[in-house]
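Proteins come first, then strands; the chains are lettered A, B, ... in the order of their sequence lines, and each starts at number 1.
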Protein chains: 4
Amino acid sequence: MDDKQPAPRRGRPRSETVRSAVLTAAAELALRGGPAAATVEAIAKRAEVSRTTIYKWWPSAASIVLEGLYERVRNSVTRPPGSNSVDAITHHVKALFGFLADPEVGPLLRNVIAASASDRAIEHALFEQWITPRRGAIAAIVRDAVGNGELPADTDVEVAVDALVSPPYYRLVFGMPTLDDASIDRLVQTVWQGCLGQVDQEPGLSELTTHIE
Amino acid sequence: MDDKQPAPRRGRPRSETVRSAVLTAAAELALRGGPAAATVEAIAKRAEVSRTTIYKWWPSAASIVLEGLYERVRNSVTRPPGSNSVDAITHHVKALFGFLADPEVGPLLRNVIAASASDRAIEHALFEQWITPRRGAIAAIVRDAVGNGELPADTDVEVAVDALVSPPYYRLVFGMPTLDDASIDRLVQTVWQGCLGQVDQEPGLSELTTHIE
Amino acid sequence: MDDKQPAPRRGRPRSETVRSAVLTAAAELALRGGPAAATVEAIAKRAEVSRTTIYKWWPSAASIVLEGLYERVRNSVTRPPGSNSVDAITHHVKALFGFLADPEVGPLLRNVIAASASDRAIEHALFEQWITPRRGAIAAIVRDAVGNGELPADTDVEVAVDALVSPPYYRLVFGMPTLDDASIDRLVQTVWQGCLGQVDQEPGLSELTTHIE
Amino acid sequence: MDDKQPAPRRGRPRSETVRSAVLTAAAELALRGGPAAATVEAIAKRAEVSRTTIYKWWPSAASIVLEGLYERVRNSVTRPPGSNSVDAITHHVKALFGFLADPEVGPLLRNVIAASASDRAIEHALFEQWITPRRGAIAAIVRDAVGNGELPADTDVEVAVDALVSPPYYRLVFGMPTLDDASIDRLVQTVWQGCLGQVDQEPGLSELTTHIE
DNA sequence: TTCTAATCGAGACGGTACGTCAGGTCTTCTC
DNA sequence: GAGAAGACCTGACGTACCGTCTCGATTAGAA
C-alpha cells in the first residue's frame with residue numbers, strides 16, 4: 001500500500017480558502033498592472049489575507065503567480081498525441097502556442113520570466129516544472145522518430161526542439177503577436193523536413209541547392 | 001542642411017563624463033547582482049553622480065542599462081554578410097548567439113528583458129532598436145533568396161526567421177546553456193532545408209516519410 | 001473556615017512543572033537582554049511550553065516576571081526587626097537596598113517597573129504587593145516611635161518613609177550604583193535625627209545654625 | 001570670535017516644521033495612551049510626516065519623547081536660588097516635585113524612564129542630561145554649606161541629595177500621589193536637621209536619643 | 001472501566017509595528 | 001542652466017511578537 005493513512009496532522013489545519021484566495025488575487029493583479037502590481041502587500045489586501053500568512057507559505061510574490069500558473073495549466077502536457085509523429089508534434093506545439101497566447105496565461109508567464117532574472121528559486125522552478133516537461137514531451141516524439149527511422153540517425157534533437165518551442169516564448173517576451181495555426185503548421189513542417197533534408201549533407205549537394213540559379 | 005549648427009545652448013553643457021560614468025556603473029552593477037542590484041541609488045553612488053542628475057536624463061535604471069547595451073554592440077548588425085545566402089544567415093545567427101552568450105552582454109539583455117515586462121518604454125525601445133534590426137537583416141536575406149528562386153515562393157519568412165532567431169533568447173531567458181557553433185550550423189541548415197522541403201508537399205512523399213514503419 | 005477543601009476539580013490538573021519552567025525561563029531571559037528579551041514567544045521556547053498555555057495563565061510577559069519576583073523574595077518582610085527603632089528601620093532599609101542591588105532581583109524589578117508604565121494591572125499589583133507591604137513595615141515602626149515618644153508627635157510619617165525607601169528605587173531605575181552599608185546607616189540616622197530635630201524649630205536655634213556666618 | 005559664520009550648508013535645509021510637528025505629536029500620544037501609544041508609526045501619522053524622515057533624525061520613539069521633554073523644561077535648573085541654603089534647596093526640590101507632578105511632564109518622564117530599562121542610549125541621555133544637572137544643583141548648595149560651616153564637615157552629600165530628590169521619582173514611577181508643599185518643606189528640613197544632628201555621632205549620645213523614654 | 005472535563009502542545013491566522021530600501025520630488029547652493 | 005547635496009514623502013519589503021483560533025493528545029478524577 002503506497003497510499004498512506006491520512007497521517008493524523010496536529011494543530012490547526014491549513015486553510016484552503018486562504019490559499020486559493022491568494023492565488024486568485026495574485027493572478028488578477030498580475031493580469032492588469034503587470035509584475036509591478038502583484039506585490040505581496042497588494043495580494044494580501046485583495047485576498048483579505050494577512051501578509052504574515054503569505055510569507056509563511058510563499059517566499060515571494062512571483063512564486064505565488066507561478067503556483068497559480070501551474071494550477072491553471074495542470075495536466076496540460078499529458079494529453080495523448082495524435083496518430084503520427086508530425087501530428088503529435090503539431091499538437092504539442094499548438095498547445096504551447098495556445099497557452100502562451102492565452103490572455104490569462106501568457107502575461108502571467110511573462111511576469112514570472114521577468115522575476116526569474118533576479119530570483120534563482122523562480123528560475124529553477126520555472127525550468128524544472130515548466131520548461132523541462134514541455135521540451136521533454138516533444139523531444140521524446142522526435143527521439144522516437146529517429147529510433148523508428150522516420151528521421152535520420154544523426155538528427156540533432158536539441159536543435160530541432162529549440163526551433164519548435166522557442167518562437168512562442170520569444171514572441172511573448174518581446175510583446176509580438178502570436179503565430180496563427182497555419183504558421184504553426186508551417187513551422188513544424190519546416191523543421192521536420194529540415195531534419196529529413198539533413199541527410200544530403202555532402203558538400204556537393206549543399207552547393208547544388210544553395211547556388212541553384 | 002539637416003545637421004544643424006551645434007546650436008549655441010545657454011548654460012553649462014551636459015557632462016559627457018557623467019554620462020559614461022553612469023553607463024559604466026550601471027553595467028557593472030547589473031553584471032553582478034542582476035537586476036535587483038542595478039538601482040538608481042546604487043548607480044548614483046558607484047558613478048559618484050547625484051541621483052537628481054540621473055533622474056534628469058534617464059527615466060529608470062533599466063533604461064540606463066539598455067543604453068549601455070547599445071553602446072556596447074553598436075554597428076553589430078552592419079557587417080557585410082558572406083557570399084551566399086546560407087553563409088550570410090549563418091553569420092548573422094552566429095553573431096546573435098555570440099552576443100547573447102557574451103557574459104558582458106547576455107546578462108544585461110536579460111535584465112532589460114525582465115524590465116520590459118513592467119515598463120512599456122523599455123519594451124518599445126527593445127523591440128524597435130534591438131529586435132527589429134536583427135530580424136530585419138535576416139529576413140532580408142531570406143526574402144532575397146525567395147526573390148532569387150533559391151527558396152520556394154511560398155516560403156513563410158516570418159516563420160523561418162522565428163525559428164532562426166528565437167532559440168538564443170529562449171536559452172538566455174531560461175538560463176540554459178548556449179548552443180555551440182556546430183549546432184548553430186545545424187539549426188540554419190535545418191531551417192533552410194525545411195524551407196526547401198516545403199516544395200515537395202505532395203501527399204505521396206509526405207506519407208512515405210512519415211508513415212514509414 | 002476560609003481555607004476551603006481542595007475542591008475536587010475534575011479533569012487534568014494544572015502542571016506545576018510547566019509553571020516553574022515558565023517562571024524560570026522568564027527570569028533568565030529578563031536578566032540578560034532586559035525587558036525586550038522576555039517576550040512570551042521567547043519564554044515559551046525556552047521553557048519548552050506552548051504559547052497557548054502561557055496565555056491561559058498569564059496576561060503578559062511582565063506578569064510572569066513579576067510572579068517570579070514574588071517567588072524569589074517571599075517572606076522577605078516578615079523577619080523580626082532588631083531591638084530598638086533605629087536598628088529595626090536600618091534592618092528594613094538595608095534589606096530593601098539589598099534586594100534592589102541583588103543582580104538577580106534588581107534588574108527584574110526594573111523590568112516590571114518599566115512595564116507598569118503601560119500596564120495598569122502590573123502597576124496595581126506592584127503597588128499592592130510590593131510597595132505597600134514594605135512601606136507599611138517601616139511606617140509601623142516610625143508610627144510606634146511617635147507613639148512611644150521616641151519621635152515628636154508632629155512627625156510626618158509619610159515624608160520620613162519616603163526619604164528612607166525611595167533612594168534605592170531611584171538608583172535602580174536610573175542605573176546608578178547602590179549605596180554601601182555605611183551610607184545606609186547614615187541615611188537612616190540622618191532621617192531619624194531630622195525627625196527629632198524638627199522639635200527645636202524655634203527661630204533662635206534655626207537662625208543660629210543656618211545664618212552662621 | 002566663537003560664533004562662526006552661518007556655515008554655508010549645502011542641500012535642502014532641515015525643516016523645522018517637521019521637527020516640531022514630530023515632537024508635539026509624540027508628546028500628545030504619550031500623554032494619552034502611555035508608552036504603548038507613542039510608536040514611530042503613530043507619531044508619523046499624527047505629525048503627517050514620513051516614517052523614513054523620523055528614522056533619519058531619531059533612533060526610537062522614546063528619544064523623540066525625551067527630546068520634547070527637554071524642550072519643555074529648558075532652563076529649568078538655572079533659576080537663581082533664594083538667599084539662604086535651606087531656602088535654595090527648598091526651591092530646587094519644590095521645582096523638581098513641580099515638574100514631576102506636572103501632568104504634561106510627569107507622564108512623559110515616566111515613559112522615558114520605562115524605555116530606559118531596555119535602551120542604553122536613553123538611559124545614558126536621561127542620566128547625563130536630566131539627572132546629573134538636577135542632582136548637581138542641589139549637591140552644590142549642600143557642599144557650599146559644608147564649606148561655610150553651616151553643615152558639619154563629615155556630611156555625606158550623596159546621601160543627603162538622595163534623600164531630597166528621590167521621593168518625587170519614586171512617587172511618579174509607582175503612580176503615587178505627589179507630596180504637597182508643606183510636606184516638601186518638612187522633607188527639606190528633616191534632611192537638613194538630620195545632617196546637623198549627625199555631629200553627635202558618639203555611641204553614648206546616640207543611645208541617649210534613641211532610647212529616650 | 002469507561003466517561004468526561006480539563007490541561008497541554010502544535011500550528012494556522014489576522015494584526016501591528018518594526019527598521020530598511022528604493023523610488024521619485026523638491027529645495028538650496030555651487031560651478 | 002548643469003550638477004551636487006540632501007531633505008522629504010511614498011510604498012513595499014521581510015521580520016518579530018502579539019493574541020486568538022482550531023485541532024489532537026494527554027491526564028486523572030468521577031460515574
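Taking the nucleotide of DNA chain F with the nearest heavy atom to each of E41(C) and G11(D), the more 5' of the two is matched to G11(D). Toward the 5' end of DNA chain F, the nearer of the two residues T39(C) and V18(B), judged by each one's closest nucleotide, is V18(B). Place A36(B) and P13(D) on DNA chain E by their nearest nucleotides, and A36(B) ends up nearer the 5' end. Along DNA chain E, the nucleotide closest to T52(B) and the one closest to R12(C) are compared, and the more 5′ of them pairs with R12(C).
Salt-bridge check for R19(B) with E71(B): passed, with a basic side-chain N closer than 4.0 Å to an acidic carboxylate O. Using a cutoff of 4.0 Å between basic side-chain nitrogens and carboxylate oxygens, E123(B) and R110(A) are scored as salt-bridged.
Remark: W57(B) is not in phosphate contact with dA2(F), judged by side-chain N or O atoms under 4.0 Å from OP1 or OP2. Contact check, K56(D) against dC8(F): no side-chain N or O comes under 4.0 Å of OP1 or OP2. Taking only side-chain nitrogens and oxygens, T53(C) comes nearer than 4.0 Å to OP1 or OP2 of dG9(E).
Nucleic acid contact for E48(D): sugar-phosphate only, since backbone atoms but no base atoms lie under 4.0 Å from a heavy atom of the residue.
A donor-acceptor contact under 3.5 Å is formed by the side chain of R51(D) with the base of dG19(E). Not a single donor-acceptor contact under 3.5 angstrom links the side-chain atoms of R14(D) to the base of dG6(F).
For R19(C) and dT7(E), the CZ to P distance is 15 Å, given to the nearest whole Å. Summarising the geometry, the separation between OH on Y55(A) and P on dG14(E) is reported as 15 Å, rounded to the nearest angstrom. Between I54(A) atom CD1 and dC13(F) atom C1' there is a gap of 13 Å when expressed in whole angstrom units. Rounded to whole angstrom, the span from the CH2 atom of W58(A) across to the C1' atom of dG14(F) amounts to 16 Å. One can place CG of L29(B) at 14 Å from C1' of dA22(E), the figure rounded to the nearest angstrom. Following rounding to the nearest Å, K45(D) (NZ) and dT10(F) (P) show an atom-to-atom distance of 12 Å.
When V112(A), N111(A), L109(A), L108(A) are each tested for a side-chain contact (heavy atoms from CB on, under 4.5 Å) with L66(A), only one passes: V112(A).
Looking only at side-chain heavy atoms (C-beta outward), W58(A) and L23(A) come within less than 4.5 Å of each other.
With rounding to the nearest 0.5 angstrom, the CG atom of L29(B) is 11.5 Å from the NZ atom of K45(B).
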